[in-house]
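The next block holds one structure in the form of structure tokens; read it before the comments.
One-based numbering, in listed order, for ligands and for the atoms of each.
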Amino acid sequence: MNSHATSECSEAYIALGANLGDREVNLMEALERLDEVPGIRVERVSNLYETDPVGYVDQPMFLNMAAALSTSLSPHELLAEMQRIEKELGRVRHIHWGPRTVDLDLLWMEGRRLDTPDLILPHPRMQERAFVLRPLADIVFESEPSGLYHVVKTALENLEGKEGIQLWKTSNWRSVSALSES
Ligand SMILES: Nc1ncnc2c1ncn2[C@@H]1O[C@H](COP(=O)(O)OP(=O)(O)OP(=O)(O)O)[C@@H](O)[C@H]1O
Ligand SMILES: Nc1nc2c(c(=O)[nH]1)N=C(CO)CN2
């Protein structure tokens, strides 16, 4: 049972992608490991989408999804946990934008703007990526206070390249911590 720090909780949105190995297992394992971190709770996850690779196209199809977290960690601390989990799941960086067992990107943290060498918020390419926006649209609601709903809605409307994305599996995630409390 994970005692989740509740003081000063922020809502953070992440994008997950995988195109090596058992892609769905890799993504679910990454979510479980995030949820186990003290100070991180996975609150909602999107459906799973199979998507054509963008940028470096000579690689396998991706599975992409998004998740909403509540966290008491700072943006940099959260990123460090995400990168630790990427490494644990065997991410090996050969080609930039190349194939990977799992890729975790921090997209948005209550609208905070950060521009540091190892972390830029909001993620600088999220608004041009249908493979990020489409899953995000499953878990961001008009009531979201930081304005992310309109950012996603507008970006999706203005995006030409929405093709290359198909629903692969509807999500049935409940936060593990909620399960362990029930
Ligand atoms: N918002 C962010 N989320 C994740 N990584 C970030 C972010 N902003 C900057 N970075 C930095 O980007 C570096 C490269 O990350 P990575 O190799 O995963 O890029 P990528 O996922 O392949 O490409 P992209 O960043 O376009 O999605 C990381 O070492 C990290 O320090
Ligand atoms: N479809 C798809 N294409 C990509 C992805 C991804 O997650 N999905 N990630 C990339 C680098 O972050 C580059 N290209």
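- Nearest residue to atom 30 (C) of ligand 1 from Leu121, Val54, Asp118 is Asp118 (criterion: closest heavy atom).
- Neither the backbone nor the side chain of Leu107 comes within 4.0 Å of ligand 1, counting heavy atoms alone.
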In sequence, state the C-alpha distance, the side-chain angles, and the governing distance for Met65 and Val45, and then conclude on side chain to side chain contact (heavy atoms under 4.5 Å, CB included). CA-CA 7 Å; Met65 65 189 309; Val45 300; 4.0 Å; yes
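- Screening residues 108-117 for salt bridge (charged side-chain N to carboxylate O under 4.0 Å, His left out), with sequence neighbours left out, gives no hits.
- Between atom CG of residue Asp105 and atom CD1 of residue Ile120 there is a gap of 11.0 Å, rounded to the nearest 0.5 Å.
- For ligand 1, the atoms sitting less than 4.0 Å from at least one non-hydrogen atom of Leu79 are 4 (C), 5 (N), numbered in the order shown with element in parentheses.
- Contact annotation: for Arg100 versus ligand 1, heavy atoms closer than 4.0 Å belong to the side chain alone.
- Taking 4.5 Å as the limit, every side-chain heavy atom of Asp35 sits out of range of all side-chain heavy atoms of Ile40.
- A distance of 8.5 Å separates CG of Asp103 from CG of Leu16, quoted to the nearest 0.5 Å.
- Annotation for ligand 1: atoms under 4.0 Å from non-hydrogen atoms of Leu106 are 1 (N), 2 (C), 3 (N), 4 (C).
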Distance-only check: which donor-acceptor pairs under 3.5 Å involve side-chain atoms of residues 135-142, not counting sequence neighbours?
residue : atom : partner : partner atom : Å
Asp138  : OD1  : Tyr49   : OH           : 3.1
Asp138  : OD1  : Arg134  : NH1          : 3.1
Asp138  : OD2  : Asn47   : N            : 3.1
Asp138  : OD2  : Asn47   : ND2          : 3.3
Asp138  : OD2  : Tyr49   : OH           : 2.7

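- Considering backbone and side-chain N/O of Leu104, none are found under 3.5 Å from N/O of ligand 1.
- Selection from Arg125, Glu86, Arg129 by nearest heavy atom to atom 27 (O) of ligand 1 gives Arg129.
- Rounding to the nearest 0.5 Å gives a distance of 11.0 Å between CD of Glu29 and CG of Asp22.
- Atoms of ligand 1 found under 4.0 Å from any heavy atom of Leu119, numbered from 1 in the order shown, are 1 (N), 2 (C), 7 (C), 8 (N), 9 (C).
- Taking 4.0 Å as the cut-off between side-chain N and carboxylate O, Arg84 and Glu81 count as a salt-bridged pair.
- No side-chain N or O of Glu8 forms a donor-acceptor pair with one of Ser72 less than 3.5 Å apart.
- Distances below 4.0 Å separate heavy atoms of Gln83 from the following atoms of ligand 1: 28 (C), 29 (O), 30 (C), 31 (O).
- Under 4.0 Å from ligand 1, not a single heavy atom of Met126 appears.
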I'd like a table of the close N/O pairs between ligand 2 and the protein (anything under 3.5 Å), one pair per line with both atom names and the distance.
residue  : atom   : partner : partner atom : Å
ligand 2 : 1 (N)  : Thr51   : OG1          : 2.8
ligand 2 : 1 (N)  : Asp52   : O            : 2.8
ligand 2 : 3 (N)  : Val54   : N            : 3.0
ligand 2 : 7 (O)  : Asn64   : ND2          : 2.9
ligand 2 : 8 (N)  : Asn64   : OD1          : 2.9
ligand 2 : 12 (O) : Asp103  : OD2          : 3.2
ligand 2 : 14 (N) : Val54   : O            : 2.7

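- Contacts classified as side-chain hydrogen bond (donor to acceptor under 3.5 Å, both in side chains) and involving residues 52-62 (residues at least two apart or in different chains) are given here: Asn19-Gln59.
- Interatomic distance, CZ of Arg23 versus CZ of Phe62, reported as 10.0 Å (0.5 Å rounding).
- Contact annotation: for Asp103 versus ligand 1, heavy atoms closer than 4.0 Å belong to the side chain alone.
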